[in-house]
Amino acid sequence: QDASGTKIDCIHSNDIRALVREQPLAWIVSGAPGAQHTTPLPVQLVCDADGTPQTLLGHFARRNPQVRALTESPRATVLLLGPHGYISPSWFRDRTRAPTWNYASVVFDVEFQFRDDRAAADRLLGGLVTQMEANDARRAFPSFDEPIYKATFEIALMIDNRDTVISHGAQVSDTPG
């Protein structure tokens, strides 16, 4: 929708494919008002040979209460938010215009079908990892994983004895205190 609430239809299915590929974290919303379940999940869009969107793939943790709710009532809405940004009235010649927010979004009304086999889970998780690694990770987070932009630094952490710290960096020292 635009700022006035007017629904704007997608210009082309390429727009949907690009948005889902570049911003794959979706909100899965199900249930009746007042008893809704929501879960943020990465999704993949499967298209037919012509590029028309056909299926969304995703992976819930088995213990997520929304899985049971979707098994009983499989209808849901999947929401994805793409690029967005504030538009200041100072950008217009007419300074009396109200501020607005430009954004791209996709809303899918879906019916869930759970696949409970290891091969399907392996394919899905492999596809999600492949999508977000290397080239696609650079699209989602430009320049963040380029060696030229990395800096060396040290961080001093004060950790409670009952906590565990996990890091990608080497431990420089461990001083009780």
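Fair warning: this is a prediction, and the values are worked out from it, not measured in the lab.
Residues that satisfy the side-chain contact (heavy atoms from CB on, under 4.5 Å) test with V67, not counting sequence neighbours, are F60, N64, T71, F114. With sequence neighbours excluded, the residues that form a side-chain contact (heavy atoms from CB on, under 4.5 Å) with A18 are R21, E22. L57 meets the side-chain contact (heavy atoms from CB on, under 4.5 Å) test with Q44, V46, T55, L124; sequence neighbours excluded. For A69, the side-chain contact (heavy atoms from CB on, under 4.5 Å) partners are H37, not counting sequence neighbours.
There is a side-chain donor-acceptor pair under 3.5 Å between D94 and T96.
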If you look only at distance, which donor and acceptor atoms sit under 3.5 Å apart when one is on a side chain in residues 74-85 and the other is two or more places apart or in another chain?
{"from": "T77", "atom 1": "OG1", "to": "D109", "atom 2": "OD1", "distance (Å)": "3.4"}
{"from": "H84", "atom 1": "ND1", "to": "W101", "atom 2": "NE1", "distance (Å)": "3.3"}

Identify all side-chain donor-acceptor contacts of residues 28-36 below 3.5 Å with residues at least two apart in sequence or on another chain.
{"from": "S30", "atom 1": "OG", "to": "Q66", "atom 2": "NE2", "distance (Å)": "2.9"}

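Within the model, atoms OG of S88 and CZ of R97 stand 11.5 Å from one another, a figure rounded to the nearest 0.5 Å. Distance check: C47 SG to I16 CD1 gives 8.5 Å after rounding to the nearest 0.5 Å. Distance check, rounded to the nearest 0.5 Å: CG of L45 to CG of L56 gives 5.5 Å. Annotation: the span from L70 atom CG to E111 atom CD amounts to 10.5 Å, rounded to 0.5 Å.
Under the 4.5 Å side-chain heavy-atom criterion for grouping Ile, Leu, Val, Met, Phe, Trp and Tyr, L41 is connected to V110 within one hydrophobic cluster.
What you find for A98 and P89 is that their closest heavy atoms are C-CG, 4.0 Å.
Looking only at side-chain heavy atoms (C-beta outward), W91 and T100 stay at 4.5 Å or farther from each other.
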